[in-house]
Number of protein chains: 2
Amino acid sequence: MATGRTHRPATRSRGIPEATVARLPLYLRALTALSERSVPTVSSEELAAAAGVNSAKLRKDFSYLGSYGTRGVGYDVEYLVYQISRELGLTQDWPVVIVGIGNLGAALANYGGFASRGFRVAALIDADPAMAGKPVAGIPVQHSDDLEKIIQDNGVSIGVIATPAGAAQAVCERLVAAGVTSILNFAPTVLSVPDGVDVRKVDLSIELQILAFHEQRKAGEGAAASDGGVPTAAARNESADQGPDGDMPAVMPA
Amino acid sequence: MATGRTHRPATRSRGIPEATVARLPLYLRALTALSERSVPTVSSEELAAAAGVNSAKLRKDFSYLGSYGTRGVGYDVEYLVYQISRELGLTQDWPVVIVGIGNLGAALANYGGFASRGFRVAALIDADPAMAGKPVAGIPVQHSDDLEKIIQDNGVSIGVIATPAGAAQAVCERLVAAGVTSILNFAPTVLSVPDGVDVRKVDLSIELQILAFHEQRKAGEGAAASDGGVPTAAARNESADQGPDGDMPAVMPA
DNA sequence: GCCTGTGAAATGATTCACAGCC
DNA sequence: GGCTGTGAATCATTTCACAGGC
């Protein structure tokens, strides 16, 4: 779901469906684990289980990449790791900048999985002059005045935004103007970008809200096939919400 | 994408499509912003723009909730805020525990958007005895020995896992056994859970890999109708770069 | 016999386009 | 005249089921 503006038509060349692309990293992770255990081959059934999908979907996904399996046998683990890595563009090095080194930005900078697969944190950028020079995850934070130069000097095309919501759009525009064409946005705001720039967003509170929806539904259907023994959470505070933040309007139309 | 096992059929009652549910928080955020600016009504077109979707989709989404708009006029902002909040289950208070108070866990604990909408961080849990008692975001960290008791005492049904990958499945099992039925997983691993438990995952490295895929594709299609002026990032470190379709594997299949 | 690769069918999501109402 | 609500059409994704190769 690359959002922003009108989302690249995706039609070009032999298109791999977006849904498939989104699963490739999952397969890759499972395969890497197998590779580390020196497992030579794996069946679609086994690999699907390890990746948390069903085998028909996995085979269909792989069929978009080519015929990399062997009938009656399965897939060669190393070979597949290579093919998927190449398809995802992980055989090259992607310098990434993280903008906004608060709690979350620091967590991202420290996140190991980041560096592990072709991604390299090229720079950390923050607007607070007091942060400048301070090392986070071994990398000195640079001031946002120098954002454009940092992007260009490092040939960065992927930027991560971990600023407060209010700053995100402005940061986004500077990143794009400086040459960034892919953005991972952690700020809880909709970014608008020109055509040709991809944005993906990660929003914690959205994920929680989706869970709450399903959770509520489970509770609401109370009678229905009560869970196999798991006691549903005890009394829950029925208040009309709003939490410590004092964020909600509290107005309630009839 | 509620993963895990066979993913609740969603059949029951008047089902709202999963894709719609995933967008409701987006609409809610946009509406809340309008509400704060005391905007009384909004058209599908305006709201859609604010939420980053198109208006037909928004109207279709809302049609699953009921007929809350007025033809010729638009939607009443406060009323919609309330209806969507209710549909998402945000009119009640959801106590949440965060397990794994490393960099990421601490960032989550401090994340304001968390508390802002019906969610309340009821407890922070970590396996490191040295952490016990230390306050993070004003909440003392508790030791994981007490996990079950904490879940039960607080009536928690939503858990957030921010542990290292290796610990995630075990933590998940303890959470589920103690009564948690919705899990937000930040650990880069596939959790398996019994039926009736929802899992959503957030994986930074997966998001980056998806961006890299598209990024590579942009670069590969170089000649194609170069973007409307945005200068593509300068020299990129090419390590193994094959052109599109370069097919020389490092390891040959058996 | 086992397991992949893939057409065909089924399901789900998005977009179109317009009737109906204010 | 403007804007919602929604069937119908289109497009995307998943699942089925089996032919084909090892």
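Just so we're clear, the structure is a prediction, and the values are computed from it rather than from any experiment. Throughout, protein chains are lettered first and strands after them, A, B, ... in sequence-line order, and every chain is numbered starting at 1.
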Let me know the distance between [atom1] of [X] and [atom2] of [N], rounded to the nearest Å.
{"X": "B/L65", "N": "D/dT4", "atom1": "CG", "atom2": "P", "result": "15 Å"}
{"X": "A/D76", "N": "D/dC22", "atom1": "CG", "atom2": "P", "result": "16 Å"}
{"X": "A/L58", "N": "D/dT13", "atom1": "CG", "atom2": "C1'", "result": "15 Å"}
{"X": "A/K57", "N": "D/dA12", "atom1": "NZ", "atom2": "C1'", "result": "13 Å"}
{"X": "B/N54", "N": "C/dT14", "atom1": "CG", "atom2": "P", "result": "9 Å"}
{"X": "A/R23", "N": "D/dT14", "atom1": "CZ", "atom2": "C1'", "result": "8 Å"}
{"X": "B/Y64", "N": "D/dT6", "atom1": "OH", "atom2": "P", "result": "10 Å"}
{"X": "A/E18", "N": "D/dT13", "atom1": "CD", "atom2": "P", "result": "8 Å"}

Look at all strands and tell whether B/F62 reaches a base, only sugar-phosphate, or nothing, counting heavy atoms closer than 4.0 Å. nothing
Value rounded to 0.5 Å, distance of [atom1] in [X] from [atom2] in [Y]:
{"X": "B/F213", "Y": "B/K218", "atom1": "CZ", "atom2": "NZ", "result": "11.5 Å"}
{"X": "B/Q216", "Y": "B/L211", "atom1": "CD", "atom2": "CG", "result": "13.0 Å"}
{"X": "B/T91", "Y": "B/I84", "atom1": "OG1", "atom2": "CD1", "result": "13.0 Å"}
{"X": "A/L191", "Y": "A/K201", "atom1": "CG", "atom2": "NZ", "result": "10.0 Å"}

For a quick test of reading the model, state the closest non-hydrogen atom pair linking A/S85 to A/L28 and the distance between them. OG-CD1, 3.8 Å
Please tell me if B/S44 has a side-chain N or O lying less than 4.0 Å from either OP1 or OP2 of D/dT4. yes
Quick check on D/dC3: is either OP1 or OP2 less than 4.0 Å from any side-chain nitrogen or oxygen of B/Y68? no
Applying ring pair (Phe, Tyr, Trp, His ring centres under 6.0 Å), which residue pairs with at least one partner in residues 38-63 of chain B are found, sequence neighbours left out? B/Y27-B/F62, B/F62-B/Y75
When you get a sec, tell me which of D/dT6, C/dA8, C/dT14 is the closest nucleotide to the side chain of A/K60? C/dA8
Any chance you could list the contact pattern along nucleotides 17-22 of chain C? Use B for base contacts, S for sugar-phosphate-only contacts and - for none, protein heavy atoms under 4.0 Å, 5' to 3'. B-BBBS
Which salt bridge (charged side-chain N to carboxylate O under 4.0 Å, His left out) pairs, counting each pair once, include a residue from residues 43-60 of chain A, with sequence neighbours left out? none
